[in-house]
Amino acid sequence: MREGMIREWARRIFLPPLFSHKPITHNLPASMNSYLAITIAHTTFLIFSLCHSGTDYLYAQMPPSINAPGKLARGNERQDRPRTLEKVRGIDFVTEVEGIKGLQFTGNGSNLIVETMSQHSGWPMRLYYLNASNGKSVSIADPLTGLRGAVGYSDNRCLWTLEKEGHLLIESLTVDPDGMIDMRVKHSIKLPEPERFDSVVAVSLKQRFFVERSKDEELRIVDLKSGQTKQVLEMNVRVEAVALSEDGKLLSACGMPIAAWTEPWQMANSNSSFVFVWDTESGKLIYERNLGYRVFTTKFSKDNSLVLCSGWEDGHEGDMEVPIGHVDVVEPKKNGWSSHYLTDSYILCADFVNQDEIVIGLGNGRVQILDYRQGKQITEVQVNPWHVSSIAVHGDLLATGAETGEVSLWRLSHSKAE
């Protein structure tokens, strides 16, 4: 184990990722950065010192061997706190060709906003309001096209539509006291450069801005009232996952370098996403890191201190191509301290359960709940025969969506250790 740790730390410290714009030291705790001034002649002593002086941190940080899939790197041992998942309801309300692309609980947690996709192409199809107690649904947007989409979370959920003559309509999908969708809050914005507009990737009703992705791969923070650009976030990547903190003050964006899409045959490390965390008010870059795998999901914790990133890469066992799923939970304001998990299945979605636990949906139809701080898998349940394509958490309720079109509700119980 220690030999593997030493090899991995040597690789991370002295072999920065191919696309790194900054020294790899920004991924390490500040207390370790001073060590890196030591010359390569002292490498052995450096790594030996790190392994002994920061063992708990190294164990918490280090991904385990690929030969031990589904295992978390361990920190200090604590008592087990078993979790169980009890199925409350299964709802299959969509057409035969629709799968579940995204799930969001409404603010009170009793209902869901569901985005569906084509089972064949993966492209968005419709947006539904789903009553979780009786399984009844109402179509909100039909169809979803390249000129219409849904973004946000909970009561910050919005539907955007690109209208004629460069006007952008953003409608708030709030829930009224009777439990139905209220779309009366509307914002109509005249885009200054509609020819550059690609899509809306995030909205903050609290801070009164939306995040626009342009056709030249920039992200722009745009005022919700005036339509004026407040910040331009240049990352030189094609962004595939975006999240805003609940207060709207932080933005996480993940994507692979543009060169990986235009010249993939020249890029041995091309299928590797960067994560960027931005201050939305100042436009300052707070954190940047090459994660080493392609990221499809990113989310903030409730207190906005943690960023979750999940995705996968294609590994190899001999001549066979095998999936390797990855999750990182990063603390950007602690110089990027992170906990890493990998498993032998595609990780298609993930979310925070609380400040200590996350839940992930796998390509084999299973859901895992992980205590990432302690370094252990708490429970694993087969929730669907096929891919778990989306996950949402609200209190002790877990919603899962499948590519086959079923939405399931689960009750999370948390037993106390004896």
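Residues take their numbers from the sequence shown, with the count starting at 1. Treat the numbers as computed from the prediction; the structure is a model and nothing was measured. Atoms considered below: every heavy atom in the structure, side chains included; atoms not considered: hydrogens, waters and symmetry mates.
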Spacing of [atom1] belonging to [X] relative to [atom2] belonging to [Y], to within rounding of 0.5 Å:
X      : Y      : atom1 : atom2 : value
Phe197 : Glu212 : CZ    : CD    : 5.5 Å
Asp344 : Asn364 : CG    : CG    : 7.5 Å
Trp278 : Gln231 : CH2   : CD    : 9.5 Å
Glu240 : Thr297 : CD    : OG1   : 10.5 Å

Within the 6.0 Å centroid threshold, strictly below: Trp312 and Phe296: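 Yes, close enough.
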Test your reading of the model: is there a side-chain donor-acceptor pair from [X] to the backbone of [Y], 3.5 Å cut-off?
X      : Y      : value
Ser282 : Lys284 : yes
Asn236 : Ile258 : no
Ser121 : Trp123 : yes
Arg157 : Thr106 : no
Gln207 : Asp247 : yes
Ser204 : Gly248 : no
Arg373 : Gln355 : yes
Glu403 : Gly405 : no

Taking atom types as modelled, find out whether [X] and [Y] have a side-chain donor-acceptor pair closer than 3.5 angstrom.
X      : Y      : value
Asp328 : Tyr293 : yes
Glu246 : Asn304 : no
Gln368 : Tyr341 : yes
Glu98  : Tyr128 : yes

Ionic contact status for [Y] with [X], cut-off 4.0 Å:
X      : Y      : answer
Glu313 : Arg294 : no
Arg213 : Asp198 : yes
Glu218 : Arg196 : yes
Glu281 : Lys249 : no
Glu357 : Arg83  : yes
Arg220 : Glu193 : yes
Glu115 : Lys101 : no
Arg208 : Asp223 : no
Asp371 : Lys376 : no
Asp351 : Lys299 : yes

Return yes when atom [atom1] of [X] has more than 12 non-hydrogen atoms of other residues, nucleotides or ligands closer than 6.0 Å, and no otherwise.
X      : atom1 : result
Lys333 : NZ    : no
Lys302 : NZ    : no
Glu86  : CD    : no

Val407 side chain reached by Thr400 side chain, heavy atoms, under 4.5 Å: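 Contact flag for Thr400/Val407 side chains = no.
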Thr343 and Leu362, any side-chain heavy atoms less than 4.5 Å apart: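 With C-beta onward as the side chain, the pair touches.
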Shortest non-hydrogen separation from Leu308 to Ala350 and the atoms involved: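 Minimum heavy-atom separation between Leu308 and Ala350: CD2-CB, 3.5 Å.
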Cys309 to Leu291 - nearest heavy-atom pair and separation: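 Minimum heavy-atom separation between Cys309 and Leu291: CB-CD1, 3.8 Å.
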Worked verdict on Ser389 versus Met117 for side chain to side chain contact (heavy atoms under 4.5 Å, CB included): CA-CA 10 Å; Ser389 55; Met117 63 182 175; 4.2 Å; yes
Derivation and outcome, side chain to side chain contact (heavy atoms under 4.5 Å, CB included), residues Phe105 and Leu397: CA-CA 9 Å; Phe105 278 102; Leu397 283 178; 4.0 Å; yes
Of Val151, Ile189, Leu244, the residue whose pairing with Phe210 passes side-chain contact (heavy atoms from CB on, under 4.5 Å):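 Of Val151, Ile189, Leu244, side-chain contact (heavy atoms from CB on, under 4.5 Å) with Phe210 is met by Ile189 alone.
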Parallel, tilted or perpendicular, as decided by the 30° and 60° cut-offs, for the rings of His340 and His326: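 If you compare the ring of His326 with that of His340, the planes turn out tilted.
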Verdict with supporting geometry, Leu85 and Arg411, side chain to side chain contact (heavy atoms under 4.5 Å, CB included): CA-CA 6 Å; Leu85 282 178; Arg411 184 78 61 186; over 6 Å; no
Trace of the side chain to side chain contact (heavy atoms under 4.5 Å, CB included) decision for Val367 with Ile360: CA-CA 6 Å; Val367 160; Ile360 60 175; over 6 Å; no
